[in-house]
Amino acid sequence: QVQLVQSGGGLVQPGGSLRLACAASGITFSSYAMSWYRQAPGKERELVVGITSTSAITNYADSVKGRFTISRDNAKNTVYLQMNSLKPEDTAVYHCKALRSYGLNREIAYWGQGTQVTVSS
């Protein structure tokens with residue numbers, strides 16, 4: 001069974017830091033691109049950042065550039081999201097996603113269970 005198990009969420013004050021982790025099992029982790037998404041109450045889910053299977057390419061949403069860093073450890077089948085200088089608008093449920101593409105029109109994706117990040121004083 002494929003599982004993406006997340007950890008590291010919680011409550012933090014503005015300006016603080018958190019690190020999220022997403023540990024995968026049941027897949028060949030090194031073959032998957034990994035992403036972090038978030039969804040705040042009343043808002044649509046948005047892509048925060050993605051990373052290719054070899055870490056050769058990363059892309060960040062403009063709202064988190066310079067504050068968040070994605071990394072992956074293929075030996076541990078784990079992707080991380082380091083979040084610094086957190087703002088109240090970062091409050092959301094964060095989900096990790098594993099994605100493989102096949103040709104032009106076929107994909108397979110898996111999602112983590114989500115973890116709450118709350119930034120508040």
Side-chain angles (χ1 to χ4, degrees):
Q1 182 178 345
V2 176
Q3 284 191 289
L4 300 178
V5 180
Q6 298 180 220
S7 61
L11 174 65
V12 66
Q13 294 185 352
S17 298
L18 286 172
R19 190 175 78 156
L20 306 183
C22 173
S25 62
I27 62 171
T28 303
F29 181 79
S30 60
S31 297
Y32 284 75
M34 300 297 298
S35 300
W36 290 95
Y37 288 77
R38 68 186 182 186
Q39 188 166 23
K43 298 182 179 179
E44 294 188 8
R45 183 177 61 194
E46 66 172 338
L47 174 65
V48 178
V49 61
I51 187 169
T52 55
S53 61
T54 64
S55 302
I57 302 173
T58 58
N59 64 291
Y60 294 86
D62 288 342
S63 59
V64 307
K65 284 182 179 178
R67 300 188 299 119
F68 290 12
T69 303
I70 190 172
S71 62
R72 65 189 295 160
D73 186 340
N74 286 349
K76 295 182 178 180
N77 289 357
T78 301
V79 64
Y80 304 92
L81 183 65
Q82 179 67 47
M83 303 183 293
N84 298 326
S85 301
L86 283 162
K87 304 174 181 179
E89 51 262 45
D90 295 318
T91 296
V93 176
Y94 286 71
H95 292 263
C96 63
K97 176 185 178 182
L99 175 68
R100 286 195 70 178
S101 298
Y102 303 88
L104 297 177
N105 55 16
R106 184 180 176 185
E107 295 181 341
I108 187 166
Y110 302 98
W111 291 86
Q113 84 278 14
T115 187
Q116 177 71 45
V117 172
T118 301
V119 184
S120 176
S121 60

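Just so it is clear, the model here is predicted, and its values are computed rather than measured.
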Residue pair [X] / [Y]: nearest heavy atoms and the distance that separates them:
| X | Y | result |
| --- | --- | --- |
| Ser17 | Ser85 | OG-N, 4.3 Å |
| Ala40 | Ala92 | N-CB, 3.8 Å |
| Leu18 | Gly10 | CD1-O, 3.9 Å |
| Ala24 | Ile27 | CB-CD1, 4.1 Å |

Is there a continuous path of hydrophobic side-chain contacts, each under 4.5 Å between heavy atoms, that joins [X] to [Y]?
| X | Y | result |
| --- | --- | --- |
| Phe29 | Val5 | no |
| Trp36 | Tyr80 | no |
| Tyr37 | Leu86 | no |
| Leu20 | Val119 | yes |
| Val12 | Val48 | yes |

Test item: [X] and [Y] side chains (from C-beta on) under 4.5 Å apart, heavy atoms:
| X | Y | result |
| --- | --- | --- |
| Ser71 | Ser55 | no |
| Ser35 | Leu47 | yes |
| Arg67 | Asp90 | yes |
| Leu4 | Gln6 | no |

Distance in Å, [X] [atom1] paired with [Y] [atom2], rounded so as to fall on 0.5 Å steps:
| X | Y | atom1 | atom2 | value |
| --- | --- | --- | --- | --- |
| Gln116 | Leu11 | CD | CG | 9.5 Å |
| Arg106 | Ser101 | CZ | OG | 11.0 Å |
| Cys22 | Asn77 | SG | CG | 10.5 Å |
| Met34 | Thr52 | CE | OG1 | 12.0 Å |
| Gln82 | Ile70 | CD | CD1 | 12.0 Å |

According to the interplanar angle, ranging from 0 to 90°, do the rings of His95 and Trp111 count as parallel (below 30°), tilted (30 to 60°) or perpendicular (above 60°)?
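Rings of His95 and Trp111: perpendicular, as their planes differ by over 60°.
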
Hey, mind stepping through Tyr110 and Tyr32 against side-chain contact (heavy atoms from CB on, under 4.5 Å) and telling me if it holds?
CA-CA 10 Å; Tyr110 302 98; Tyr32 284 75; 3.6 Å; yes

Between Arg38 and Tyr94, is NZ or CZ placed under 6.0 angstrom from the six-membered ring centre and within 45° of the ring axis?
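Negative - Arg38 is either too far from the ring of Tyr94 or too far off its axis.
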
Could you list the residues that satisfy ring pair (Phe, Tyr, Trp, His ring centres under 6.0 Å) with Tyr60, not counting sequence neighbours?
none

So, does Ser30 use its side chain to make a donor-acceptor pair with the main chain of Asn74 at under 3.5 Å?
no

